[in-house]
Number of protein chains: 2
Amino acid sequence: MKDNPMFAPAQVGRAGEDVALQIEAAIMDGRVKPGERLPSERDLHVQFHTSRGVVREALRALKQKGLVEVKKGARGGAFVKEAELHNASESLALFLKLQRISPQFLIEFRESMDRTITTLAIARAGDEEKQLLLEETILLETLLNEEDPDMETVHELDRKLNIRLAQMTKNPVFEWIMRAVQLGLSSHDDVLYDDAGYRKRTASNWRETAQGIADGEPFRALSHIGYHYVMLQKCIAEKAGQASVQDTSVQDGDFWESMPDIPGP
Amino acid sequence: MKDNPMFAPAQVGRAGEDVALQIEAAIMDGRVKPGERLPSERDLHVQFHTSRGVVREALRALKQKGLVEVKKGARGGAFVKEAELHNASESLALFLKLQRISPQFLIEFRESMDRTITTLAIARAGDEEKQLLLEETILLETLLNEEDPDMETVHELDRKLNIRLAQMTKNPVFEWIMRAVQLGLSSHDDVLYDDAGYRKRTASNWRETAQGIADGEPFRALSHIGYHYVMLQKCIAEKAGQASVQDTSVQDGDFWESMPDIPGP
DNA sequence: TAGATCTTAATGGTCCTGCCATTCATTTGT
DNA sequence: ACAAATGAATGGCAGGACCATTAAGATCTA
């Protein structure tokens, strides 16, 4: 109790923060569970002895944080949301974009994750799981050998394979991190499939990776993982070489002038 | 694009969202730069043809998102913030907290991360950084040899060391993960320092890890990382053996009753 | 003149009151 | 039994008012 929040007794000028914190605390320690409905704004602003605007701003902050979801109309209100990775991914993407961080870092991170995940998956996954993974990589290969492969399906299957592999570690943290990275950033693997010169090699490399996993051969599997990322790097480098035009958006005059009005009621 | 969220195109009853999106867009493409000040709420609500409350809620959302910082008083207002990794880490930490994950999974994940990070840090960090890391581990050791070490300082230093190591990879993604794990979970390393039997070994092991990094000896450094986690596992197992009482927080009656009121003005 | 103090204007924070649009349960009509 | 109208609860928005805080400018004092 040394960090007792009562130390800062609702300083004026920040009541909204307190309301948000108290509701967040209630969610965090499970006093209100996902799916449940919070009292209405009109009820809350009475319970908190504040104005309704304060409660609204607090709820807006919690909504932005991904903790609640707000519905209009009768039986509407603020509902506690199930925990989602979406916000975390979005925040990371926001940072990377604002800082102009190179995709290389994401790729490097993914490769290191893939190596760890593969090692763990070989050690812990059951034979059925390994077989299933292998079959799906074969399906991927089949898809890419068709006349006009549906790239949307291909991309989706690739993501699914990555997630499945992460699940085979039996450690959910790896799955979450994988999902977060997939959600936030365009996985960049897409370019490998979009390029006719790489897609077949990529798919067969996936299959051989899965084969290595199924055979319980970590080094073989890891070799193919390495090959995957070598191809990815080369492919991206080629793309960058083609279109090196950087679209640096112009900024002439006052920005706010260009802001369209929101139509009033 | 099958999950296109654009299905709900700026329906009325969401003016606040539009305002937030427009300001965010202005920040994202650099029409307003970090450090610059946005127009006041009273100016904005005129420009947007909305009420002031709408603008306030939008700004609150942007603040929660970490894009702006709001100051009171004359010459106050909303200032565009420099992109900070902190917000992104916080989002991921929030998710991890809500998942109530077993410490074992987190520890396994952390060890795998530590190994990758250490390898990269050895390869990329400058000599000064490596020396600084080493000196700080020595400081940690010194602190723990004192009569009555300030554990708060110790824990803080340990966190700082982990972040520094992550930064030495020159890849911000690793720092993101590290910060998120620290924020989201009670770092569990704390128990190592809190136990008199482990703290000195832990600290000297940290120093030897840093020494291995400074010497550019990956295997030696990784050995010590392994030793750290062996100790951590043992320490946690011992603690669990002692006190196996699980504090499952009770939930009697309506939670909201227990919410203290915020004093009105 | 230099420093301290007071005044003032700008700004975010809060409160209030009222009204509208949406949504769902209920009632009513066919 | 089904459809349509009704009503109530709720979030979304508008506009106005006042307070607390802050920094810059004006004033006073030594």
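These numbers come from a predicted model, not from an experiment. So you know, we letter chains A, B, ... as the sequences are listed, proteins then strands, and number each from 1.
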Output the rounded distance in Å from [atom1] ([X]) to [atom2] ([N]).
X     : N      : atom1 : atom2 : result
B:D18 : D:dC13 : CG    : P     : 9 Å
A:L38 : D:dG11 : CG    : P     : 10 Å
A:E17 : C:dG12 : CD    : C1'   : 12 Å
A:H45 : D:dA9  : NE2   : P     : 16 Å
A:F79 : C:dC24 : CZ    : P     : 10 Å
B:D43 : C:dA10 : CG    : P     : 11 Å
B:K71 : D:dT21 : NZ    : C1'   : 14 Å
A:R42 : D:dA9  : CZ    : C1'   : 8 Å

I'd like to know if A:R14 reaches the base of C:dG13 with its side chain such that a donor and an acceptor end up less than 3.5 angstrom apart.
no
Out of [options], which nucleotide sits closest to the side chain of [X]?
X     : options                : result
B:E41 : C:dG12, C:dC24, D:dC13 : C:dG12
B:R37 : C:dG12, C:dT11, C:dA10 : C:dT11
A:A74 : C:dT11, C:dT14, C:dC24 : C:dC24
B:K72 : C:dC15, C:dG12, D:dA9  : C:dG12
B:R52 : C:dG12, D:dG15, C:dT22 : C:dG12

Please indicate whether B:R100 has more than 12 foreign heavy atoms, meaning atoms of other residues, nucleotides or ligands, lying under 6.0 Å from its CZ.
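Yes, enclosed.
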Considering residues, nucleotides and ligands other than A:H86, do more than 12 of their heavy atoms fall under 6.0 Å from its NE2?
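Not more than 12 within 6.0 Å, no.
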Look at [X] together with [Y] and state whether they make a salt bridge at an N to O cut-off of under 4.0 Å.
X     : Y     : answer
B:K63 : A:E17 : yes
B:K81 : B:E69 : no
B:K97 : A:E24 : no

Are OP1 or OP2 of D:dG12 and a side-chain N or O of A:R56 less than 4.0 angstrom apart?
yes
For C:dT14, does either OP1 or OP2 sit under 4.0 Å from a side-chain N or O belonging to A:S51?
no
Going by number, which of residues 57-65 of chain A have a non-hydrogen atom under 4.0 Å from DNA chain C?
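Contacting residues: none.
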May I ask you to decide if B:R159's main-chain N or O and B:Q182's side chain share a donor-acceptor pair within less than 3.5 Å?
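Judged by distance alone, yes, a pair lies under 3.5 Å.
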Taking every non-hydrogen atom, the tightest pair across B:S89 and B:R179
OG-CB, 3.3 Å
Hey, which of these two, B:G53 or A:A78, hits DNA chain D nearer its 5' end, going by closest nucleotide?
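The residue whose closest nucleotide sits nearer the 5' end is A:A78.
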